[in-house]
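All values reported here derive from a predicted model rather than from experimental measurement. Proteins come first, then strands; the chains are lettered A, B, ... in the order of their sequence lines, and each starts at number 1.
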Amino acid sequence: MTALLDVYGLHASYGPTRVLHGLSFSVSDRGVTTLLGGNGAGKTTTLRAICGMVARTGEITFAGQTITRSSTEHIARLGVAHVPDGRGTFTRLTVEENLELGAITRRDRNDVVDDLERVFGYFPVLQKRRGQQAGTLSGGEQQMLAIGRALMLRPRLMLLDEPSFGLAPRLVHELFDILTTLNKREGVSLLLVEQNAALALELADHAYLLETGRIVFSGAAREIREDEKIRRSYLGY
Amino acid sequence: MELLLQQILAGLATGTIYACIALAIVMTYQAIGHLNFAQGEMAMFSTFIAWQLTQWGAPYWVAFFVTVAVSFAGGVLIELIVLRPIQHAPVLSHVAVFIGLLAILNSLAGFLWDFNVKPFPTPFGTAPLFANGFIDAHQAGMIAVTLFLLAFLYVFFRFTRVGLAMRAAAHDPVSARLVGIRVGWMTALGWGMAAAIGAIAGMMIAPVVFLEPNMMLGVLLYGFAGAVLGGLTSPAGAVIGGLIVGVIENLAGTFIPVIGGELKLTIALAIIVVVLVMKPQGLLGRPVLHRV
Amino acid sequence: MPAPSEEMMEAIAEPAVPEVSAPRLVGHRSVIFATLAIALVLPFLVQSFLTFQLTLVLVYAIAIIGLNLLTGFNGQFSLGHSAFYALGAYVAAMLMDKVNFPYAATLPVAGIACFVFGFLFGLPALRLEGVYLALATFALAVATPQILKLSPLEYWTGGVQGIVISKPDAPYGLPLTQDQWLYFFTLLVTVIMTLLAHNLVASRTGRAMMAIRDNPTAARSMGINIALYKSLTFGVSALYTGVAGALGAIVVQFVAPDSFTFFLSITLLVGLVVGGVGWIPGAFFGGAFVLFVPNFAESISKGLSGAVYGVMIILLIFMLPTGAAGLVRAVTQRLRGQNIR
């Protein structure tokens, strides 16, 4: 498998504060990579750095194209959909408008209509609320909306920041089933940041362990799942 | 009773001026999140361009549309040249830059076209519309143009992709970038549209208040009053607010001795302060918090 | 849980109200004394018109300090300070014109009048944030000249004509011209007002003001009475501007409604931004800028002086986004760096 996203020597900082110190990792085409680690390890920052939302240096390649200097909107247009921390809902717009915005850069308008139906297929609750202001949705519904919006881009790669955050356990499993379907059936690659390490490792093929902005361990997801020492000391389960 | 009714009608007629400029103010506020204190001067400058075109012999509507187009381009250019470099600067720097713009446009207009009052043509004529004579054809035309603009904006923002993208960019620039919207272009577009609407407002107002570089300060204040009254986030509110302000101004002028006649601007001040204290979000607006 | 520490870092990297920390160079004693020494001999070295202009720089500086207390240290905006300046000027002029008040005694009266007016205006303005406060004060500024022209008040205000007052002579037979004496008088007032502002900012009250600016919610939870402090700051700010207005009236010997338009508010605001928001000595840079640069612009092109002025404001914001304060800080850091090496 070739790498769809390749990150080499990634540094990132907020003003004078350095947060990432030379990360290197990759997401294979049609693969699922997960970044694990505690609070403040730099997982969210890594996703933001890939999208150009924070100042960064290093080398980031997506589908063979260097994007280290590209703007956030350009990277989105290449087919990278970011489901950000805090969901990034346009609270004052309707659910349908939020989904429309996901596809705003696409030219194939006819397919967009089909995709809207497809998203409603995955998340029927969104169809029920399509005319409602997105800010009135519950946390879980907003999470679905965020993922639905990302799907509307027809992304090649999705960056998911804590997709299970704030969801009831039943919904978490439903959500991960959908993510599995997306990956297996539609071939969307995923880069997943998740507190729920057990769940993430089930979905992922590769995993990287972050600690204070550095990668301390990496390997096949299965390996980590089966390595009790790592699980105990880093993942706490 | 009849006097009251007549004064209300006359107030509505003046109110269309304020409605026009209030609409431009709200438009800018929506697109850029700032109150542009140079808005009035931009409108004045655009109106001078139209005047110059008619002086050169252009038919009214040609001058009108050329001016709208030039103003649109000018608004975009101002955003790109003057505001883009300071987009992350504190609010006060923006205010200072708006003031700089105001000084430049005012002085440039005076330099190019001098400070003498000039008549400006109306395409609608000035014949009274009804027998009582309180609304003439130009004022009626002004109402029609304002309502048309309002309808146009509604359709644009509600039903077009660019309109949706602009709303998203103004509402949450970070998320807008994540879905691939070029937020910088949207802001520039917002400036262009605000400048174009301002130009239309200026060309509608000029036949009434006459054209000169300082024509806008008082009107701008009333426009602000109308925008605040209607709610800074609501274009329809801006129009209604502007009309109400016109009526209040007229009634106060007629029925309150001395104060009404001599303190017209103070009435606008009182309206602004009272509305802000009693109902800060205005009649139709959403509450705006901490955004300047 | 999302990583809170990253959120915090971001919050630290991008403060809601970017401000300037005080550059130490100008806080240094020797610099202060050197500046004062120069200020004391200057009127004997330059022509009387320049002395008059320098006096006006000081007057503007006092007004800008007032605006800075409100905006820089308390985070409230005002485009209406021309109204307070006008009130101070008219109080002084009317007292001197109608009841033969000694000129020096008009300053405290003007200050107190403005404090009360500012405090009262601040009460409703309290509920207003940012853009709304800017609007309300903008309206106040635009309406002020009209109120001053009001016919029932004409006996007191002189209507459109305004009031002419006479220039005071130097007391005790001091061998000073009127301009020189007014300069020294204004300098004394300026020094006192600057020291008071400095002490206010450094006091508990000043810290409360800044806490409200930086984080109102946290300030409230620390037991700070936000409403009271905000109104008080509005009052104190108006007091400074009113004293400046009274001094200005004495210096130019004349008050009239059209001297106190919205453009005066703009002038003060430009002075504030040019000097540096949140840095008291910046007021002197700002005062000099707003007095001399328009003249300079006029010397470049009479017809286009406003445009030249506007371009200079914009260029200055581009090059020195934090005003003179940022420049002084950069210079200080460079000097320090060289000393260490």
Among the listed options A/Leu159, A/Thr91, A/Thr89, the residue most often paired with chain B at heavy-atom distances under 4.5 Å: A/Thr91
Expected list for residues 267-277 of chain B: side-chain donor-acceptor pairs under 3.5 angstrom, two or more places apart:
none

Nearest heavy-atom neighbours spanning B/Ala176 and A/Phe90: N-CZ, 3.5 Å
Under 4.5 Å from a heavy atom of chain B, the part of A/Arg87 involved: neither
Residues, nucleotides or ligands: over 12 heavy atoms within 6.0 Å of B/Phe156 CZ: yes
Chain B-proximal positions within residues 58-76 of chain A [heavy-atom distance under 4.5 Å]: A/Thr72, A/Glu73, A/Ala76
Side chain to side chain donor-acceptor pair (under 3.5 Å) pairs, two or more places apart, involving residues 18-27 of chain B: B/Tyr18-B/Glu249
Close contacts, residues 93-110 of chain A versus chain B, judged by heavy atoms under 4.5 Å: A/Leu93, A/Glu97, A/Glu100, A/Leu101, A/Gly102, A/Ala103, A/Ile104, A/Thr105, A/Arg106, A/Arg109
Side-chain touch B/Val179/A/Met152, heavy atoms, less than 4.5 angstrom: no
Most contacts with chain A, counted as non-hydrogen pairs under 4.5 angstrom, among B/Gly184, B/Gly180, B/Ala165: B/Gly180
B/Val183 portion near chain A, given a 4.5 angstrom heavy-atom threshold: backbone
Pair B/Leu178-A/Met53, side-chain contact (heavy atoms from CB on, under 4.5 Å): steps then yes or no: CA-CA 9 Å; B/Leu178 283 181; A/Met53 296 164 78; 3.6 Å; yes
